[in-house]
Amino acid sequence: MPKCQAGDIEIMYEAYGVGETVVYLQSILGGINPGAYYFAGRMSKRFRVLIWDGPNCGQSGVSLYHAPSEYHLACGYLAKLLDALGEGPVHLAGCSGGGEMGLLFAHLYPERVKSLGMYRPTDTASPPEQEVIRARYFDIAQAAEYSMEQAVKYAENPPPHRFAGVSRWLADLCQKDREKTLALEHKAFSQTLRDWGEWMGNPLFYRANLTDQELREIEIPVLLCPCADAYHPERLAVDLQEKLPACTYIPSEGHRSEQEIYGMGENAFGGFPRFVDNYEEFMERL
């Protein structure tokens with residue numbers, strides 16, 4: 001996997017195919033996943049597809065400075081990566097939180113985005129997603145009130161519950177760059193995590209917490225494919241479709257079980273292959 005200096009850290013990425021560039025975005029909860037490779041395998045027949053480990057994910061570097069959200073942090077490094085690679089405006093496509101990241105990127109850097117594909121906007125106000133957010137941000141923030149060492153110790157062995165593993169990200173970062181992680185001012189880091197958790201837990205997260213007017217200003221073509229399960233309800237996509245001026249909306253065909261949502265790969269269940277089918281057709285019409 002190539003690495004590229006993007007600002008103050010190295011970002012790991014892979015590129016496949018030739019043509020106009022499409023960047024696939026996954027959630028900030030992890031690095032390159034099977035869905036990214038599935039997408040790249042399909043779309044690289046006609047496009048140059050970039051997939052990446054965002055900051056603090058996979059093989060990319062550690063960066064925990066304060067930003068309005070972890071999604072703002074990732075968008076900033078994506079812009080730096082595209083600069084370093086000499087990329088002009090690109091197409092974006094994302095699944096779940098990756099779709100929200102693409103929407104936020106299109107708002108922050110409108111001149112850099114040609115189009116956006118979003119698959120299954122997420123209801124982070126739902127009980128399971130609130131558990132994930134608490135494990136990723138608020139539980140660690142509470143431990144960081146005492147010291148960074150205590151925060152890392154908590155992340156290494158959080159109390160058992162179904163999303164306990166979500167807390168391990170800080171311990172993983174400490175293994176990657178112990179000096180940088182432990183050098184953080186612990187109370188400031190605690191506040192950063194609380195801010196990030198509040199941003200992601202906002203009921204309007206599915207629209208990247210953008211106002212109606214900010215959504216109407218995103219004039220690029222957008223493909224929107226919901227999933228219509230309990231945690232990615234169709235109503236979120238309907239609201240986005242009503243606000244985005246150049247939106248192609250593909251209604252859901254079926255629902256997924258909770259096991260399919262939280263226990264399986266995104267390219268195996270939930271209509272992800274169908275999303276890629278629709279995305280191919282969408283790109284052919286541009």
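Taking all atoms of both residues into account, the shortest heavy-atom contact from Leu240 to Tyr206 is CD1-O, 3.7 Å. Scanning both residues, Cys4 and Tyr13, for their nearest heavy atoms gives CB-CE2, 3.8 Å. The minimum heavy-atom distance between Asp53 and Gly31, with the atom names listed, is OD1-CA, 3.3 Å. Here the shortest heavy-atom pairing between Pro226 and Glu234 reads CG-OE2, 3.4 Å. Considering every non-hydrogen atom in both Ala40 and Ile51, the closest pair reads CB-CG2, 4.4 Å.
Ion pairing between Lys187 and Glu145 holds under the 4.0 Å rule for side-chain N and carboxylate O. Salt bridge Arg235/Asp123: present, at least one basic N to carboxylate O contact under 4.0 Å.
Distance check, rounded to the nearest 0.5 Å: OG1 of Thr248 to OH of Tyr279 gives 12.0 Å. Atom-to-atom distance recorded for Ile133:CD1 and Ser126:OG is 8.0 Å, nearest 0.5 angstrom.
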Determine, step by step, whether Gln26 and Cys95 satisfy the side chain to side chain contact (heavy atoms under 4.5 Å, CB included) criterion, reporting the C-alpha distance in whole Å, the side-chain angles of both residues, the deciding distance to 0.1 Å, and the verdict. CA-CA 6 Å; Gln26 60 275 333; Cys95 174; over 6 Å; no

Verify side chain to side chain contact (heavy atoms under 4.5 Å, CB included) between Leu82 and Val23, making sure each step is shown before the conclusion. CA-CA 10 Å; Leu82 296 177; Val23 182; 4.2 Å; yes

Working note: Met101 + Leu104, criterion side chain to side chain contact (heavy atoms under 4.5 Å, CB included); need CA distance, chi angles, decisive distance, verdict. CA-CA 5 Å; Met101 188 187 304; Leu104 180 62; 5.7 Å; no

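Checked by atom type and distance alone, the side chain of Trp169 never pairs as donor or acceptor with a backbone atom of Cys57 at under 3.5 Å. Of the possible polar contacts, none joining the Thr21 side chain to the Val90 backbone as a donor-acceptor pair under 3.5 Å is found. Of the possible polar contacts, one joining the Ser69 side chain to the Tyr71 backbone as a donor-acceptor pair under 3.5 Å is found. In this structure, Arg207 contributes its side chain and Leu210 its backbone to a donor-acceptor pair below 3.5 Å. A donor-acceptor pair under 3.5 Å is formed between the side chain of Asn209 and the backbone N or O of Trp199. Formation of a donor-acceptor pair under 3.5 Å by the Glu156 side chain with backbone atoms of Arg168 is not found in this model. Judged by distance alone, with hydrogens and angles left aside, the side-chain atoms of Lys180 form a donor-acceptor pair with the main-chain N or O of Val62 at under 3.5 Å. Between the side chain of Gln59 and the main chain of Pro2, no donor-acceptor pair closer than 3.5 Å is present. Checked by atom type and distance alone, the side chain of Gln150 never pairs as donor or acceptor with a backbone atom of Val152 at under 3.5 Å. Judged by distance alone, with hydrogens and angles left aside, the side-chain atoms of Ser44 form no donor-acceptor pair with the main-chain N or O of Val49 at under 3.5 Å.
A side-chain donor from one of Glu70 and Tyr137 sits under 3.5 Å from a side-chain acceptor of the other. Remark: the Asn202 side chain and the Glu198 side chain contain no N/O donor-acceptor pair separated by less than 3.5 Å. A donor and an acceptor atom, one from each side chain of His66 and Thr192, are located under 3.5 Å apart.
Residue Phe39 forms a ring-ring contact (aromatic ring centres under 6.0 Å, His included) with just one option from Tyr24, Tyr16, Phe47, and that option is Tyr24.
Listed by first and then second residue, the ring pair (Phe, Tyr, Trp, His ring centres under 6.0 Å) pairs involving residues 75-109 are Phe105-Tyr109 (not counting sequence neighbours).
Here the side chains of Met200 and Glu100 are not in contact, with every heavy-atom distance at 4.5 Å or above.
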